[in-house]
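Please read the structure below before turning to the comments.
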Amino acid sequence: MSKFDIRKIKEKLFLVTVAALAILAVFPLFHIVFTVFYEGISTIMATGPTFITGTLGEGGIGPAIVGTLMLTLLSSIIGIPIALAVGIYAYEYPNSRIGKITTTLLQIMLEFPTILVGLFVMQLIVIPMGSYSVIAGALALAIIMMPYVAVYTAESMSQIPFTFREAAFGLGVNRAKSVFMIIAPIAKRGILTGLLISTAKVAGETAPLLFTAGGLYQSYPHSFTQPVGSISLLIYTLVQSPSIADHQMAWGAALVLMVIFLAVFIPIRMSLKEVKL
Amino acid sequence: MKSLEYAIETRRLNISYGDNRVIKDVDMKIPKKTVFALMGPSGCGKSTMLRAFNRILELNKDAKVSGEIRLFGENIYAPGVDPTEVRKETGMVFQYPNPFPHLTVFENVAIGLKLNKLVKSRDELEDRIHWALEKAALLDEVRDRLKNYPSELSGGQKQRLVIARALAMKPKILLMDEPTANIDPIGTRKIEELLFELKKDYTIVLVTHSPPQAARVSDHVGFLYLGDLIEVGKTGKIFESPGSELTEKYLTGELI
């Protein structure tokens, strides 16, 4: 009998330990969400709608919101098509020399320090052009985004069972159509998840924008070749200021960033229908 | 010089993966509009040979084919032959029922026609799909579910959907790789009954590891063992008086 009890106690102990560790791991996330919401909401309530629409001089972060949207959109337009092509190539030719090099490079690029990407784009575009710009910022973000999209694409396609590939070819469908019209759509959920995660990631990036986007908060951006601000860059600037009012404003901006992130991420993630194999 | 009484004819067919020879000097003739069962234990090369008949073996880069395979007299390994054209003429059904999971029942049957641009109008497409589903004995069961996804179908229904997908292309030959291996007994019986109907119009090559299945459904049978074609002939004759000791051992279950 006693042996039996010890076994049960051990089992319980294990369960409790694992549960405790899981809570410990998730706790910071809830803490961040709660703190940002708590601190941010009071700022936004105090300023009213102007906080979203006004310029910095009026007590608002409007230009930063528009800047984040412009940067994210343009970087997606530049990065996603190339990255999808790279991902499909890495999936389709995994054993070719270029395929192997591509896969290795993608793994390195995934973890590449983002500030170095900023420096690189500064050398490449900002210095020759003589100004920070939307284009430079978006290019830096596109470079950061591409390996995520490519790796997610290649991974989710390679998880599709080989039998579907055989079935597609067995119908006399050529290689390009098999990949684009059959295998990629079956892997749709994984590919879109990759797009979403990388878009959300670049929407919140700060370091690569420091030397590329510059910052613009007193007026709305009106040209792709002029400097632009972003919410994350604004938070970085505001927190460096000694003024308490600026810190409060940073909390408000953080809440806006978080809401944009969650509002984009959660509905799309939930609406992606899983393809049942 | 075309030998038109045969749907498929192999001449000194050899297939290897790297240094590993999996099909050795096979000469075989498969008559038109019959069910030809290719039987043998696991790993004897049956599936490999079947995949050479429509050249999807080429998806495996290591596989090398030499010799000839003639479909209705034409050597499909002759230089200049487009493998996608060969594949359009030979429908394939797989061991694991694999309708495309992201497409509806209707779209699954339509996909080959659409991607190969083989139909001109929506009406023609719909007619062809109803015809193919009817031919695969599935229409009555899915008539109200054409817009549903195949994940809702049973294993046997999925496999008949795959058969319909192949038939929609109007092939002359149906290649079936252990089509009932993952299907329950009732589904298996339906598919076997379907073979009797289909052989009126098509030549069927059925790979099976089950001698009883070969006996039930085939007109001719070939016994493949470790890449060698041990024996080939009329099913009745081979099961009653096998010409080789190996065949006899296999049929009595001594050879696994």
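Because the structure is predicted, anything quoted here is derived from the model rather than measured. Chain A is the first sequence line, chain B the second, and so forth, proteins listed ahead of strands; every chain is numbered from 1.
A cation-pi arrangement is not found for Arg175(A) relative to Phe169(A), the charged atom failing to lie both closer than 6.0 Å to the ring centre and inside a 45° cone about the ring normal. Geometrically, Arg165(B) engages Phe100(B) in a cation-pi contact, judged by NZ or CZ lying under 6.0 Å from the ring centre and within 45° of the ring axis.
With a threshold of 4.5 angstrom between heavy atoms, Pro150(B) does not approach chain A through any atom at all. Residue Ile111(B) touches chain A through its side chain alone, counting heavy-atom pairs closer than 4.5 Å. Within the 4.5 angstrom heavy-atom criterion, atoms from both the backbone and the side chain of Leu115(B) approach chain A.
The aromatic ring centroids of Tyr89(A) and Tyr93(A) lie less than 6.0 Å from each other.
Chain B forms the most heavy-atom pairs under 4.5 Å with one residue out of Gly172(A), Ser178(A), Gly170(A), and that residue is Gly172(A).
Under a 4.0 Å N-O distance rule, the pair Asp177(B)/Arg51(B) qualifies as a salt bridge.
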